[in-house]
Amino acid sequence: MAAQGEILHTCKIVYKKKQHQLKVTAEELFLVPIDRKGGAAQFINTYDCYGAVAGRDGLSLELFTLVAGSKGKRSRENHVFVCSSKEEAAQCLAVLHAVITGTKIGEPIHRRRILILINPFSGTKKAVQIYAEQVKPVLDRALVDVTVIQTTHAGHATEYMQSVDIAQYDGYATISGDGLLHEALNGLMARPDRAEAMKKPLGVIPGGTGNSLAFSLGLGHVLAATLAVVKGHTMTLDLMGVRQGGRAPYYAFLLVMWGLVADIDIESEKYRWAGAARFTMSGIGRILNLRKYSGRLSYKPWFADTAAADTAAEAAHAEFPAPPAAWLPTDDATPALDRPGWHTIEGDFVTVSALNTAFQNEDTLMAPYSAVNDGCFDLMYIMGDISSTKLAGMFLDLDSGEHVRSPFVHYVKARAMCLEPRPRTGIIDVDGEHVETSPIVVQTLPAYASICVSPIPLNMPPYKDVLPRGGLRVPSSQEPDPTAPQARRMTAPASTRPTTASSTGTATAAAAAAPAPAAATTAAPAGSEDGAPAPATVAV
């Protein structure tokens, strides 16, 4: 691969009716006016570029970009360059294709092969329209090959991903809410070759009502998410292994909830026509008619018995579905939780949530300390000693994440939990799906999958910075723990300059001639010279 800031190609072009010197690096395209009166130099970030084609005259080139705007949004913008000869145009086009795809100059261009699943019934039933009007125009110009499958019934994605020939694809993506990705993941995890299947990155393009994962990644807008899928930059994604009695193990990537919040999520299905407002509509009714749920919650905090926990987590990563036997409930018996490091709470609860993502939807920052790749989930619970009035006031802070400051909210990072509803009442919600109300065990599977992301998220959610070692209002030590997993831990992908507010900016001619500034060490997309992504976690 080219060194950071190394000039890969330079030529004279006409851009916006003025003579320019085009300088191409792996990170940026610099457009330096030849005439001093031509204005300041401009740059285009190569991450924002998704395609380039030659004009009919053989001299012009058209470059397709997605310009970064405010709040994580992007918009399409095209740039036309006119070269001095057909030979120069052909050479310049080859270089542009190489830097767009991360391919070494002179080698065949690798067109990433992407399988896209669309749920036409998700949310307000606009996923097909989103694909046709926003996603497809980008994919048609991008250097990718796409296969599109529309699901026809519940569980279709699980069935399809269990049997699809994964050798035909470099990655998978969904256009829907979070439910379709949940189905696809469980299909991949049910395969005999799941270890190989899970090496390929997942992409999520928002097309439902919640879109929790997309907003938690700063990809809550369609074009931003589409660009992430096209470019193939990745970070690791933790999963949660779930066991209930004699049922076969299954997997979640968002949440496992019981009580109030689960009621709101599942019971709001009848208001699906209202889009994201369905959660508010259902929430008001449920808070005014507050229920309480009796049960027992046992959990293993992230910091407890760290060495043993690390060993257990590694074993689980290799062998799941077979979590440690001491963590598993039977139909009526409780797990043996007398091992060191476990905490148990019994009584009346209002809600219990195990959360792997920060956002539940665009306006609900449910778990402000959460990160999808910190090796644990965020456990939040509220006991039954809260009134409807207090609860309503707390819910008004969900958009900012300030609800965690309430004295009624208990919050801790955990590796595993066992929840036992007594009696078996209330809804249990796993990634938005209503499952049986019975004893359930949840266990973190660190870095089990990878997800397509922007190399430097433009719309980083307002995560809290430090969670005390013992969590918030839980029975353990409260001193800060600098080694504890924190939010804002991302895997930044390959040799990319930090993304600016827009793809086209200004710089001085001297700056344009200088090497680009150093960037975070990143993982190259599959098919590049460096092969499959090998992400390293860095703080951003």
Contacts of Phe81 meeting ring pair (Phe, Tyr, Trp, His ring centres under 6.0 Å) (sequence neighbours excluded), chain-then-number -> Tyr15
Does [X] have any side-chain hydrogen bond (donor to acceptor under 3.5 Å, both in side chains) partners at least two apart in sequence or in another chain, and if so, which?
{"X": "Asp178", "result": "Ser212"}
{"X": "Gln21", "result": "Thr10"}
{"X": "Lys86", "result": "none"}
{"X": "Glu62", "result": "Asn78"}

Is the shortest side-chain heavy-atom distance between [X] and [Y] below 4.5 Å?
{"X": "Ile34", "Y": "His20", "result": "no"}
{"X": "Leu227", "Y": "Tyr47", "result": "yes"}
{"X": "Arg76", "Y": "Tyr50", "result": "yes"}

Answer with yes or no whether the side chains of Thr101 and Thr103 bring together a donor and an acceptor at under 3.5 Å.
yes
Would you find a donor on one side and an acceptor on the other, under 3.5 Å apart, between the side chain of [X] and the backbone of [Y]?
{"X": "Asp238", "Y": "Asn356", "answer": "no"}
{"X": "Lys231", "Y": "Ile100", "answer": "yes"}
{"X": "Thr236", "Y": "Asn373", "answer": "no"}
{"X": "Thr364", "Y": "Leu398", "answer": "no"}
{"X": "Thr147", "Y": "Leu115", "answer": "no"}
{"X": "Thr158", "Y": "Glu183", "answer": "yes"}

Measure across [X] and [Y] and return the closest heavy-atom pair with its distance rounded to 0.1 Å.
{"X": "Ala127", "Y": "Ile175", "answer": "CB-O, 3.7 Å"}
{"X": "Tyr169", "Y": "Lys200", "answer": "O-NZ, 2.6 Å"}
{"X": "Ala98", "Y": "Ile105", "answer": "CB-CG1, 3.8 Å"}
{"X": "Ala89", "Y": "Leu59", "answer": "CB-O, 3.8 Å"}
{"X": "Ser454", "Y": "Ala228", "answer": "N-CB, 4.2 Å"}
{"X": "Ala142", "Y": "Arg111", "answer": "O-NH2, 3.8 Å"}

Between Asp170 and Arg112, does any NZ, NE, NH1 or NH2 come within less than 4.0 Å of an OD or OE carboxylate oxygen?
no
Considering the options Leu213, Thr174, Leu188, which one meets the side chain to side chain contact (heavy atoms under 4.5 Å, CB included) requirement together with Leu202?
Leu188
Identified side chain to side chain contact (heavy atoms under 4.5 Å, CB included) partner of Leu29 from the options Asp48, Thr65, Thr46
Thr46
Over 60° means perpendicular and under 30° means parallel, so tell me whether Phe215 and His221 are parallel, tilted or perpendicular.
perpendicular
Can you list everything that forms a salt bridge (charged side-chain N to carboxylate O under 4.0 Å, His left out) with [X]? Sequence neighbours excluded, please.
{"X": "Asp193", "value": "Arg191"}
{"X": "Arg141", "value": "none"}
{"X": "Lys136", "value": "Asp140"}

Gap separating the [atom1] atom of [X] from the [atom2] atom of [Y], nearest 0.5 angstrom:
{"X": "Ile7", "Y": "Thr25", "atom1": "CD1", "atom2": "OG1", "answer": "6.0 Å"}
{"X": "Cys49", "Y": "Glu28", "atom1": "SG", "atom2": "CD", "answer": "10.0 Å"}
{"X": "Leu219", "Y": "Cys452", "atom1": "CG", "atom2": "SG", "answer": "9.0 Å"}
{"X": "Leu181", "Y": "Ser176", "atom1": "CG", "atom2": "OG", "answer": "9.0 Å"}

Take Tyr369 and Met380 through the test side chain to side chain contact (heavy atoms under 4.5 Å, CB included) and record every step on the way to the result.
CA-CA 11 Å; Tyr369 295 100; Met380 183 170 64; over 6 Å; no
Qualifying residues under side chain to side chain contact (heavy atoms under 4.5 Å, CB included), relative to [X], sequence neighbours excluded:
{"X": "Pro120", "answer": "Val128, Gln150, Thr151"}
{"X": "Ser353", "answer": "Met257, Val261, Thr351, Leu355"}
{"X": "Ala190", "answer": "Gln162"}

Give the C-alpha distance, both sets of side-chain angles, the deciding distance and a yes or no for side chain to side chain contact (heavy atoms under 4.5 Å, CB included) between Asp431 and Leu185.
CA-CA 11 Å; Asp431 280 4; Leu185 267 174; 5.9 Å; no
Side chain to side chain donor-acceptor pair (under 3.5 Å) contacts in which one or both residues fall within residues 87-100, not counting sequence neighbours:
His9-Glu88
